[in-house]
2 protein chains.
Amino acid sequence: MKTFSIGEVAKELNLTVYTLRYYDKEGLMPFVERTASGTRLFKKSDIDALRVIECLKSTGMPIKEIKNFIDWCSDGDATLKQRYDMFMERKANVEAQIEELKKTMELIEHKCSYYKTALEAGTEEIHKNNKIGTSITP
Amino acid sequence: MKTFSIGEVAKELNLTVYTLRYYDKEGLMPFVERTASGTRLFKKSDIDALRVIECLKSTGMPIKEIKNFIDWCSDGDATLKQRYDMFMERKANVEAQIEELKKTMELIEHKCSYYKTALEAGTEEIHKNNKIGTSITP
DNA sequence: TTAATCCTTATAGTTAACTCTAGGTCAAGT
DNA sequence: ACTTGACCTAGAGTTAACTATAAGGATTAA
């Protein structure tokens, strides 16, 4: 079976080898095998697992919690419920994050048009006697 | 004009007084006035400005960059272009973040259904002979 | 007036997630 | 044989963003 070096995996996932070794140290990759002399041998499935880890990371999940999940995976079917619950919670969490970003977007877009108008007028003064709340400070 | 104490502002914005003082130290609130004895007096407009700061923070903007923006605000009309460009860049950035989260969401949802099926079957084995790529490791 | 409850500064400590260095091993090429 | 470059570990250093502590000053309520 084809295997990959830590350098190859780092390139593939846009991570550094330092980061991968750090993840390993934190217990995120107990499944990665080694040669007799200690060099890591990554399988295709290990890279897939790392993609899942990156996915969880991108939801803002801290590494220690990701480790819990990895441990549950090693523990087998007894932890299916925990893992299901975890992903359901992640789902709700990501939905909330998207909503939050959409709210943020509204204010950002307001600022874009505020500055567009000001830029066209050459001065922010144009907004100064706007008292009806269409502008947001500053 | 009505003013607010640091404690009131902290409560209003769901921040701690430590955080607000930290922001001040980092130069994010040069507009906040003080009493003769040094106590901060926040105006309504200062709270609005802090909301904008929180908005920028929620886009993932580091505090040092937010400080640049605050400095530009103090510099007046000469910096309108920078500020406009900054918000346009933030807009693109937030759009990208939302897209990223939507991609993340797809994998998370896949995992939810993967574990739902496994949970119903009582075992992950149910997915083991699925070779057509509808499952994602682990 | 005295106690409580704010506020202040300066400075130290914490946490997460890297990021790097030093010193060493190993396999391939010249 | 030797050099090059990628790998290894242990452990130190970095950065951002808080978070807390110590020591003290001001304001209010009994």
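The chains referred to below are lettered A, B, ... by the order of the sequence lines, with proteins before strands, and numbering in each begins at 1. Hydrogens, waters and symmetry mates play no part in the numbers below; they use all other heavy atoms, side chains included. Keep in mind the model is a prediction, meaning the values are calculated, not measured.
Among the heavy atoms of the strands, none lies under 4.0 Å from A/T16. Among the heavy atoms of the strands, none lies under 4.0 Å from A/T35.
Looking at every heavy atom in both residues, A/L56 comes nearest to A/R90 through CD2-CG, 4.0 Å.
Of the candidate nucleotides D/dC8, D/dA20, C/dT19, D/dA20 has the atom lying nearest to any side-chain atom of B/Y18. In this structure, the nucleotide among C/dA17, D/dT21, C/dC7 sitting nearest to the side chain of A/P62 is C/dA17. Listed nucleotides: D/dC8, D/dA17, C/dA16. Nearest to the side chain of A/R40: D/dC8. Considering only side-chain atoms of A/I6, the nucleotide from C/dA16, D/dC7, C/dA17 that sits closest is D/dC7.
Considering only side-chain N and O atoms, A/T19 lies nowhere under 4.0 angstrom from the phosphate OP1 or OP2 of C/dC18. OP1 or OP2 of D/dC18 lies within a sub-4.0 Å distance of a side-chain N or O belonging to B/Y23. Close to C/dT11, at under 4.0 Å from its OP1 or OP2, lies no side-chain N or O of B/R21. Note on B/K67: every side-chain N or O is 4.0 Å or more away from OP1 and OP2 of D/dA17. Remark: B/S37 is not in phosphate contact with D/dA26, judged by side-chain N or O atoms under 4.0 Å from OP1 or OP2.
Centroid-to-centroid, the aromatic rings of B/F87 and B/F69 come within less than 6.0 Å.
Residues that satisfy the ring-ring contact (aromatic ring centres under 6.0 Å, His included) test with A/F42, not counting sequence neighbours, are absent from this structure.
Between A/L15 atom CG and C/dC20 atom P the separation is 14 Å, expressed in whole Å. For the pair B/I53 CD1 and D/dA17 C1', the interatomic distance rounds to 15 Å; values are reported in whole Å. The distance from atom CG of A/L20 to atom P of D/dC7 is 10 Å, rounded to the nearest whole Å.
A donor-acceptor contact shorter than 3.5 Å links the side chain of A/S5 to the backbone of A/E8.
If you check distances only, the side chain of B/K25 does reach the base of C/dT11 with a donor-acceptor pair under 3.5 Å.
Summary of the strand contacts: B/M61 and B/T39 both lie near DNA chain D, and taking for each the nucleotide with the nearest heavy atom, the more 5' one is attributed to B/M61.
Side chains of A/N93 and A/E89: no donor on one and acceptor on the other come within 3.5 Å. Of the N and O atoms on the side chains of A/Y23 and A/K67, not one donor lies less than 3.5 Å from an acceptor on the other residue.
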Where each pair must be Watson-Crick or G-U wobble with both distances under 3.5 Å, what dot-bracket representation of DNA chain C is obtained, with crossing pairs in [ ] and other-strand partners as |? ||||||||||||||||||||||||||||||
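Geometric assessment of B/K25 against the ring of B/Y22 yields a negative cation-pi assignment under the 6.0 Å and 45° thresholds.
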